[in-house]
Student: 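Structure incoming, see below.
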Amino acid sequence: MLDLKFIRENAEKVKQAVKNKNEKTDIDLILSLDEKRRSLLTQADDLKHQKNVVSDKIALMKKQKQDAQEEIENMRKVSDQIDSLDKQIKNLDNNIDALLFTVPNIPHSSVPVGFDENSNIVVKTWGELPKFDFEPRPHWELGQILGILDLPKAAKVTGSGFIVLIGMGARLQRALINFMLDLHTKKHNYTEILPPYLANRASMTGTGQLPKLAEDMYLCEKDDLFLIPTAEVPVTNLLRDETLKEDDLPIYYTAYTACFRREAGTYGKDTRGMIRVHQFDKVEMVKFVKPETSYDELESLLQNAEEVLQLLNIPYRVRVLCTGDLSFSAAKCYDIEAWASGVRNYLEVSSCSNFVDFQARRMNLRFRPKAGGKLQIVHTLNGSGLALPRTMIALLENYQTEKGTVIIPEILRPYMDGMEEIK
RNA sequence: GGAGAGGUGGCCGAGAGGCUGAAGGCAGCUGCCUGCUAAGCAGUUGUAGGGCUUAAAACCUUACCCCGGGUUCGAAUCCCGGCCUCUCCGCCA
């Protein structure tokens, strides 16, 4: 969330950001509630001061065996007044907090202004689109031919929107996971994390999934725990409510987890195959950095993710999201989209975002500057590195042969006992 | 799931209704002293909100001894609920 003081002092800038992000929230209402709150707070603080002074006096009088009955009577009234003011203030606090959760992060000045995804800008394309002298098949056909992907069985076990990988399909995905984790830990210096797949409300609120995206998550009501929609939630929240030393930063974490999304409201979109599913695997990268470095860190995060596709030799493009397509918490975001020859489309396999101080403020994650002075808020970033199903789709469809077999990219062969082809 | 014990500042650790933002120690910072180091002496040391200020610092003030309620003129301290940690028992991959 944004700092209330910042909103107070930059109201116009915030209103513009709300508009550019197609969000709706009443900044003026927040400001008027805030003003009311501060005036009540001053009154309450004055009374509390009086209470503290007189309480000391009563203690002294009692000690000297004097009668303090009059003071006690008076203080009873003052306490009642304080109670009433505190209740009003708390009420305002709750209202203000609820409203603050509806104020989006402010886009960085380099982010193009635009209404929806049509205004996203392609900033890079990499690789040659593969050419086929036959009609390339979509992955669900390849999966069926090879017996490595079974959607009907997944539907039987759980329901639509789930997948089951079998044999070399499962093995290929495991190879990809290991390859990605090895790349990020060994070459890019991320620390590997294996976090819980369930997270509590405080964590969900910390990274911003709550309150806005509650409908898109699976909730275990009995224990009030959510299935994580991304490793970002448990991994970022590892440091919630902590005060780091400046020398601790930057911190790089990478994690493989399953991710669970209800995808409410997306029925009918990308329903075939495994383009959009309720449970998928993902390798995630999370960074905690000093404020002045966060935009450089975003670029290197993007490169770390791109390198996965480069090593797999899968063509892709990178788009910078415009203000209207940018998520609520992000200040800037790049999408990486891998080309998939069978479905003839670019598929989003990664989103690399800089949240600047937006998440960390919510999470109360700060660091102590070496030079002294006030505690500063850490900047957080994350990006997929990468989402597995769509990477699998691109791999299967781009590396297919006319017979319906799939060549295994060289970089993965060591993870597959040297196997060269799935047939 | 049952029975106990406990959660206090950067750390250790006292306090058991008012004199406690919190003793004492350690660590840190600042002086003094010393050829250097160590020791010693003195002082100092949290976070957040509000006020004042162009802004910051200073200053004033409020809150914070796991979290949320309650009792009381007054709560770290008493009562209730929750969370977490530890020990023992049961169950279990």
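A, B, ... follow the sequence lines: proteins, then strands. Residue 1 opens every chain.
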Student: Across all strands, who's sitting opposite B:rA22 as a Watson-Crick or G-U wobble pair, both distances under 3.5 Å?
Tutor: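 Looking at the geometry, B:rA22 pairs with no nucleotide.
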Student: Which base, if any, makes a Watson-Crick or G-U wobble pair with B:rA57, both distances under 3.5 Å?
Tutor: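 With both distances under 3.5 Å required, B:rA57 matches none.
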Student: Output one line per pair: protein atom, nucleotide atom from nucleotides 66-68 of chain B, and distance, for all N/O pairs under 3.5 Å.
Tutor:
none

Student: If the C1' atom of B:rU61 is compared with that of B:rU53, how far apart are they to the nearest Å?
Tutor: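 To the nearest whole Å, 16 Å.
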Student: So, do A:T380 and A:K287 sit near enough that their side-chain heavy atoms are less than 4.5 Å apart?
Tutor: no
Student: Rounded off to whole Å, could you give me the CG-to-C1' distance for the A:D223 and B:rG82 pair?
Tutor: 15 Å
Student: Please give the distance between the P atoms of B:rG43 and B:rG81 as a whole number of Å.
Tutor: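 That atom pair is separated by 47 Å.
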Student: Using atom C1' of each nucleotide, how far apart are B:rU54 and B:rG70 to the nearest Å?
Tutor: 46 Å
Student: Tell me, which pairs form a side-chain hydrogen bond (donor to acceptor under 3.5 Å, both in side chains) where one or both residues lie in residues 382-396 of chain A, sequence neighbours left out?
Tutor: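 As it turns out, the side-chain hydrogen bond (donor to acceptor under 3.5 Å, both in side chains) pairs with a partner in residues 382-396 of chain A, which skip direct neighbours, are A:E232-A:N382.
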Student: Which value, in whole Å, describes the distance between the P atoms of nucleotides B:rG21 and B:rG9?
Tutor: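 Roughly 16 Å separates the two P atoms.
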Student: With rounding to whole Å, what would you report as the distance between B:rA63 and B:rA38 at their P atoms?
Tutor: 43 Å
Student: Using purine N1 to pyrimidine N3 plus N6-O4 or O6-N4 for Watson-Crick, or N1-O2 and O6-N3 for G-U wobble, both under 3.5 Å, which nucleotide pairs with B:rA48?
Tutor: B:rU62
Student: Given atom CZ of A:R201 and atom P of B:rG82, what is their separation to the nearest angstrom?
Tutor: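 Checked: the CZ to P distance equals 18 Å.
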Student: Drop me the distance from A:I163's CD1 to A:M392's CE, to the nearest 0.5 angstrom.
Tutor: 7.0 Å
Student: Would you find more than 12 non-hydrogen atoms of other residues, nucleotides or ligands less than 6.0 Å from A:K290 atom NZ?
Tutor: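 Count over threshold, so yes.
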Student: Tell me: CD of A:E242 to C1' of B:rG10, nearest whole Å?
Tutor: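 That distance rounds to 14 Å.
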Student: Answer yes if the ring centres of A:Y295 and A:H108 are under 6.0 angstrom apart, and no otherwise.
Tutor: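 Between A:H108 and A:Y295, which both carry aromatic rings, the centre distance is below 6.0 Å.
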Student: Using distance alone, with no hydrogens and no angle criterion, decide if A:E307 and A:H188 have a side-chain donor and acceptor under 3.5 Å apart.
Tutor: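 Side chains of A:E307 and A:H188: pair found under 3.5 Å.
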Student: Can you check the distance between B:rC12 and B:rG28, where both ends of the measurement are the C1' atom (answer in whole Å)?
Tutor: 15 Å
Student: Assign a letter to each nucleotide of nucleotides 46-62 of chain B from its 5' end: B, base within under 4.0 Å of a protein heavy atom; S, sugar-phosphate only; -, no contact.
Tutor: -SSBSS---------SS
Student: Does A:E23 come within less than 4.0 Å of A:K212, counting only side-chain N to carboxylate O?
Tutor: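 Result for this pair is yes, salt bridge flagged.
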Student: Suppose you measure atom P in B:rC79 against the same atom in B:rA75; what distance do you get, rounded to whole Å?
Tutor: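 Taking atom P in both B:rC79 and B:rA75, they lie 15 Å apart.
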Student: With both distances under 3.5 Å as the test, what is the Watson-Crick or G-U wobble partner of B:rU87?
Tutor: B:rA3
Student: With a 3.5 Å cut-off and no angle check, do the side chains of A:Y256 and A:E284 form a donor-acceptor pair?
Tutor: no
Student: May I ask you to decide if the ring planes of A:Y218 and A:H278 are parallel, tilted or perpendicular, using 30° and 60° as cut-offs?
Tutor: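 Answer is perpendicular, since the angle exceeds 60°.
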Student: Produce the list of close N/O pairs, under 3.5 Å, pairing protein atoms with atoms of nucleotides 70-74 of chain B; give distances to one decimal.
Tutor:
| residue | atom | partner | partner atom | Å |
| --- | --- | --- | --- | --- |
| B:rC73 | OP1 | A:R76 | NE | 3.2 |
| B:rC73 | OP1 | A:R76 | NH2 | 2.1 |
| B:rC73 | O4' | A:I72 | O | 3.4 |
| B:rC73 | O3' | A:S79 | OG | 3.4 |
| B:rG74 | OP1 | A:S79 | OG | 3.2 |

Student: How about CZ on A:F6, more than 12 heavy atoms from neighbouring residues, nucleotides or ligands closer than 6.0 Å, or not?
Tutor: yes
Student: Which residues satisfy the side chain to side chain contact (heavy atoms under 4.5 Å, CB included) test with A:L225, sequence neighbours excluded?
Tutor: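 Scan of A:L225 (side chain to side chain contact (heavy atoms under 4.5 Å, CB included), adjacent residues dropped) gives A:L198, A:N200, A:D223.
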Student: Using purine N1 to pyrimidine N3 plus N6-O4 or O6-N4 for Watson-Crick, or N1-O2 and O6-N3 for G-U wobble, each under 3.5 Å, what pairs with B:rG15?
Tutor: B:rU8
Student: Suppose we define a pair by two distances each less than 3.5 Å, Watson-Crick or G-U wobble; what does B:rG43 pair with here?
Tutor: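 When the pairing criteria are applied, B:rC29 turns out to be the nucleotide that pairs with B:rG43.
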Student: Taking any strand in view, what nucleotide pairs with B:rG68 in a Watson-Crick or G-U wobble way, both distances under 3.5 Å?
Tutor: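 Its partner is B:rC80 (Watson-Crick or G-U wobble, both distances under 3.5 Å).
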Student: Is the backbone of A:C322 close enough, under 3.5 Å, to the side chain of A:N120 for a donor and an acceptor to pair up by distance?
Tutor: yes
Student: Could you tabulate the donor-acceptor pairs under 3.5 Å formed by side-chain atoms of residues 405-419 of chain A, not counting sequence neighbours?
Tutor:
| residue | atom | partner | partner atom | Å |
| --- | --- | --- | --- | --- |
| A:T405 | OG1 | A:T401 | OG1 | 2.6 |
| A:T405 | OG1 | A:E421 | OE2 | 2.5 |
| A:R413 | NE | A:I408 | O | 2.8 |
| A:R413 | NH2 | A:I408 | O | 2.9 |
| A:Y415 | OH | A:D182 | OD2 | 2.7 |
| A:D417 | OD2 | A:R171 | NH2 | 3.4 |

Student: How far does the C1' atom of B:rG40 sit from the matching atom of B:rU77, given to the nearest Å?
Tutor: 38 Å
Student: Could you state the CG-P distance from A:L225 to B:rC83, rounded to the nearest angstrom?
Tutor: 12 Å
